[in-house]
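The next block holds one structure in the form of structure tokens; read it before the comments.
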Amino acid sequence: MAEAGSQLTDQFSRLNTDYTVVVAIDFGTTYSGYSFSFKSSPSDIFTRTNWGEKDGIPSIRKTPTCVLTDYQNTFVAIGFDAQKKYRMLTPDEAQYYRFYSEFKMKLHSEKSLSKDTLIEDQTGYKAPAIDIFAMVLGEMKTMMLATQGGINLQLIRWVITVPAIWTDSAKQFMKEAAVKAGLVDNIDSGKLLIALEPEAASICCQQLPLADFEMSGANSSTLAVGSQYLVLDAGGGTLDITAHKVLPDNNLEELYFANGGPLGSVRVNDNMLCLLDRIFQHKFVEIYRRKNPGDYNSLVNALEAAKKGFRPHEDRKTTISLTMGMSEVYEEEFGQKLSKSISTEYTSRGVKIQNGLLCIPHDVMASVFQNVVGDIMSHVEGLLGMKALRGVTTILMVGGFSHCEVLQARN
């Protein structure tokens, strides 16, 4: 079997050793962030943790992967700042802006990627995908350099993480976006490395005490020599899995090739939006999204919070705050209160609006997780049934979606 990271051999052979800082950008489907370390002390890793500071969100390591531009696709903001600016726009103002989110998976779904590939904003306007990706990378670069004065851009080695399931063309696209963002001069630069997310996670897990993992019940020792384990990297867009064995020389043997699929938390988000369509009827939701996109975005954020707050073992309703803007659009379009809008199918299942809150019974909310978690479990069970992986005794869950209690409860 090949050793972990063998796919990077060619990249390492071309890497320029003339650098003083390594900057790693985690470009996620739902959240992104960066860390860096100096060549002189590589184990001392610094991560930006104040992304939400302006909005009173303490110590957060990532910011939402979203971009706000004007109508000419001139950059305005990314992350929390983009969300806030877009949310504050009036419906009349919003028509002059474009809000892009959850666009990373375009690189997986698009079969013929090129510099001409387009992505849609929240209201259907299109822009070159490479421009939007470059805006995120470029802003990360700008922020990093602004907070670390004196660092020479020419002495930085950049690492961009990508899902294991991405094609070579998707990886190439990220390199081209890095060039457009000004990280490096050309795609063959010896100062740019594309790393597979689950392999990076596996190497990190090897160094961590097992006690650092929640619910592990393990002692404080790291994975022992001979240990065989899976790293299940459940993120926003993808599920990526690697299988490794710890070797005596502190290296890792790859037991099976990195694998996975489009089984991230955005599929739950899609199910949530489909549920919203069924509760309020698709026609109204589309009208609301077009007429008041900033307000609609606030509702999407509320759905995200409800998803994260769902507890499978607590038989209680999920409540979601509905905005005044949503009520106003419904009354304007249909001449009646929003509380009268819920479809008969869902009123019969206990869904209702009370004191400005959409109240969703436990069983209805649980249904948005079922097909995603079921597909993940089928994939993992299939892997564990393979001869090459019969020695696996540990599954390490990493990535934002791994915090989902519905997913944890099935493992």
Any non-hydrogen side-chain atom of [X] less than 4.5 Å from a side-chain atom of [Y]?
{"X": "Leu338", "Y": "Met326", "answer": "yes"}
{"X": "Met143", "Y": "Trp51", "answer": "yes"}
{"X": "Ser321", "Y": "Leu357", "answer": "yes"}
{"X": "Glu254", "Y": "His244", "answer": "yes"}
{"X": "Phe99", "Y": "Gln83", "answer": "yes"}
{"X": "Tyr296", "Y": "Val285", "answer": "yes"}
{"X": "Glu110", "Y": "Ser169", "answer": "no"}
{"X": "Leu230", "Y": "Leu384", "answer": "yes"}

Can you find a side-chain donor-acceptor pair between [X] and [Y] that sits under 3.5 Å?
{"X": "Thr47", "Y": "Thr49", "value": "no"}
{"X": "Asp249", "Y": "Asn251", "value": "yes"}
{"X": "Asp185", "Y": "Ser189", "value": "no"}
{"X": "Tyr229", "Y": "Ser202", "value": "yes"}
{"X": "Asp295", "Y": "Tyr288", "value": "yes"}

Which heavy atom of [X] sits nearest to which heavy atom of [Y], and what is that distance?
{"X": "Glu176", "Y": "Ile130", "answer": "CB-CD1, 3.8 Å"}
{"X": "Ala306", "Y": "Thr318", "answer": "CB-CG2, 3.7 Å"}
{"X": "Asn50", "Y": "Arg48", "answer": "OD1-NE, 2.9 Å"}
{"X": "Ser341", "Y": "Gln281", "answer": "O-NE2, 4.2 Å"}
{"X": "Cys359", "Y": "Lys317", "answer": "CB-CD, 4.3 Å"}

If you measure from [atom1] on [X] to [atom2] on [Y], what distance do you get to the nearest 0.5 Å?
{"X": "Glu102", "Y": "Tyr100", "atom1": "CD", "atom2": "OH", "answer": "15.5 Å"}
{"X": "Leu263", "Y": "Asn371", "atom1": "CG", "atom2": "CG", "answer": "9.5 Å"}
{"X": "Met140", "Y": "Tyr34", "atom1": "CE", "atom2": "OH", "answer": "8.0 Å"}
{"X": "Arg61", "Y": "Asp26", "atom1": "CZ", "atom2": "CG", "answer": "12.0 Å"}
{"X": "Cys66", "Y": "Asn301", "atom1": "SG", "atom2": "CG", "answer": "8.5 Å"}
{"X": "Phe36", "Y": "Met144", "atom1": "CZ", "atom2": "CE", "answer": "4.5 Å"}

Decide if atom [atom1] of [X] counts as having more than 12 heavy atoms of other residues, nucleotides or ligands within a radius under 6.0 Å.
{"X": "Asn152", "atom1": "CG", "value": "yes"}
{"X": "Asp363", "atom1": "CG", "value": "yes"}
{"X": "Glu405", "atom1": "CD", "value": "yes"}

- Query: So Asn269 and Leu303, side chain to side chain contact (heavy atoms under 4.5 Å, CB included) or not? Walk me through it.
  - Reply: CA-CA 8 Å; Asn269 295 3; Leu303 294 174; over 6 Å; no
Note: [X]-[Y] ion pair, threshold 4.0 Å (strictly below):
{"X": "Lys283", "Y": "Glu333", "answer": "no"}
{"X": "Glu304", "Y": "Lys308", "answer": "yes"}
{"X": "Asp375", "Y": "Arg267", "answer": "yes"}

- Task: Mind checking side chain to side chain donor-acceptor pair (under 3.5 Å) for Thr29 and listing every partner two or more places apart, or none if nothing turns up?
- Result: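 Checked Thr29 against side chain to side chain donor-acceptor pair (under 3.5 Å); zero matches.
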- Item | The single option from Ile395, Leu383, Asp240 passing side-chain contact (heavy atoms from CB on, under 4.5 Å) against Leu232 |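 Between Leu232 and the candidates, side-chain contact (heavy atoms from CB on, under 4.5 Å) is satisfied uniquely by Ile395.
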- May I have the step-by-step check of side chain to side chain contact (heavy atoms under 4.5 Å, CB included) for Ile151 and Val23, ending in yes or no? CA-CA 11 Å; Ile151 292 180; Val23 181; over 6 Å; no
- Partner set under side chain to side chain contact (heavy atoms under 4.5 Å, CB included) for Pro262, not counting sequence neighbours: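 Here the qualifying residues are Met105, His108, Ile165.
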Kindly state whether the ring of [X] and the ring of [Y] have centres lying under 6.0 angstrom apart.
{"X": "Tyr97", "Y": "Tyr86", "result": "no"}
{"X": "Phe369", "Y": "Phe310", "result": "yes"}
{"X": "Tyr71", "Y": "Tyr125", "result": "no"}

- Step-by-step side chain to side chain contact (heavy atoms under 4.5 Å, CB included) determination, Leu276 to Leu299: CA-CA 10 Å; Leu276 195 71; Leu299 177 61; 3.7 Å; yes
- Query: Can Lys141 be said to sit on top of Trp158's aromatic six-ring, NZ or CZ under 6.0 Å from centre and within 45° of the ring axis?
  - Reply: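 Lys141 over Trp158 ring: no.
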- Tyr19 ring centre to Lys191 NZ or CZ under 6.0 Å, with the angle to the axis within 45°?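 Output no; distance or angle outside limits.
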- Task: Please test Phe38 against Asp44 for side chain to side chain contact (heavy atoms under 4.5 Å, CB included), starting from the C-alpha separation and ending with a verdict.
- Result: CA-CA 8 Å; Phe38 292 93; Asp44 296 326; over 6 Å; no
